[in-house]
Amino acid sequence: MFFKKYGDIVVSIFFLILSTALIIAAKMLPKSKVMDIGPDFMPLVIGGVTFILAAILLFLSVKNFKMNTAGIDPASIEACDYKRVLMSALLVLIYVFVLKPVGFIISTLVYLPLQMMVLAPDEKRTKKELIKLIIIDVIFTLVVFILFRYGFKIVLPEGIFSIKL
């Protein structure tokens, strides 16, 4: 009951602390002597965006909590779908361990549609939706690969074969 009532507030505070730790840890990384953008760039961006989003979530959660405190019916709060949460966490773990040996492109092309299907509502799990997810997956994977390879000059794990795009 506690987490159902205060869940967004607890999660936002957790991510505020986590993003602050990420920013602090990124600042401790050595500066690059070769380029302007060093190894601290992406962790700082991710930490900053996470901090901003967590602060917005905290603000909106506190605002909505104050407005809805009197009108909350415990029976109206949906139960957490633990099966999807566990499946999602399992997919992320598998992706992390498979990323380096298999490579970014192959592992991401397999991971993203599976993750999207796990997170999709039951009524959205059709062949037509799966085709849309695969198209989004291919476009996203190639855009990220090209952005990192040529935009940031960062080589992603090549794995079992290398692609020269």
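This structure is a prediction, so every number in the text was calculated from the model and none was measured. The residues of the chain are indexed from 1 along the displayed sequence.
Side-chain heavy atoms closer than 4.5 Å link hydrophobic residues (I, L, V, M, F, W, Y) into clusters, and following such links, even through other members, never connects Leu130 to Leu119. The hydrophobic cluster containing Phe59 does not contain Ile9, counting ILVMFWY residues as joined when their side-chain heavy atoms lie under 4.5 angstrom apart, directly or transitively. Val118 and Val96 end up in the same hydrophobic cluster when Ile, Leu, Val, Met, Phe, Trp and Tyr side chains are linked at under 4.5 Å. Following chains of ILVMFWY side-chain contacts shorter than 4.5 Å, one can reach Ile146 starting from Phe148, so the two form part of one hydrophobic cluster. Grouping the Ile, Leu, Val, Met, Phe, Trp and Tyr side chains by contacts below 4.5 angstrom, directly or via other members, places Leu44 apart from Met42.
Contacts of Phe140 classified as ring pair (Phe, Tyr, Trp, His ring centres under 6.0 Å), with partners at least two apart in sequence or in another chain: none.
Note that CZ of Phe97 is 13.5 Å distant from OG of Ser107, once rounded to the nearest 0.5 Å. Of the inter-residue distances, the one linking Ser88 atom OG with Leu93 atom CG reads 10.0 Å to the nearest 0.5 angstrom. Distance check, rounded to the nearest 0.5 Å: CD1 of Ile13 to CG of Leu57 gives 10.0 Å. Here the straight-line distance linking atom CZ of Phe51 with atom CD1 of Ile56 works out to 11.0 Å at 0.5 Å rounding. With rounding to the nearest 0.5 Å, the separation of CG in Leu112 from CG in Leu91 is 10.5 Å. A distance of 7.0 Å separates CD1 of Ile135 from CD1 of Ile131, quoted to the nearest 0.5 Å.
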(message) Could you walk me through whether Thr50 and Leu18 satisfy the side-chain contact (heavy atoms from CB on, under 4.5 Å) test, starting with their C-alpha distance in whole Å, then the side-chain angles of each, then the deciding distance to 0.1 Å, before giving a yes or no?
(response) CA-CA 9 Å; Thr50 304; Leu18 184 69; 5.9 Å; no
(request) Kindly indicate, with the supporting measurements, whether the criterion side-chain contact (heavy atoms from CB on, under 4.5 Å) is fulfilled by Leu133 and Asp137. (result) CA-CA 6 Å; Leu133 293 178; Asp137 175 37; over 6 Å; no
(message) Run the side-chain contact (heavy atoms from CB on, under 4.5 Å) test on Met87 and Leu114 for me, step by step, so that the C-alpha distance in whole Å, both residues' side-chain angles and the decisive distance to 0.1 Å come before the verdict.
(response) CA-CA 10 Å; Met87 190 67 177; Leu114 292 174; over 6 Å; no
(request) Give the C-alpha distance, both sets of side-chain angles, the deciding distance and a yes or no for side-chain contact (heavy atoms from CB on, under 4.5 Å) between Phe104 and Arg149. (result) CA-CA 12 Å; Phe104 173 79; Arg149 172 70 56 97; over 6 Å; no
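Nearest heavy atoms, Ser12 versus Ala54: CB-O, 3.5 Å. Among all heavy-atom pairs drawn from Ser19 and Gly47, the shortest one is CB-O, 3.4 Å.
Thr20 places a side-chain N or O within 3.5 Å of a backbone atom of Leu16 that can act as its donor or acceptor partner. The main-chain N or O of Ile105 is never found under 3.5 Å from a side-chain atom of Thr108 such that the two would form a donor-acceptor pair. The main-chain N or O of Ala120 is found under 3.5 Å from a side-chain atom of Arg84 such that the two form a donor-acceptor pair.
Tyr95 OH: more than 12 foreign heavy atoms inside a 6.0 Å radius.
Side chains of Tyr111 and Leu99 form no contact here, defined as non-hydrogen atoms less than 4.5 Å apart.
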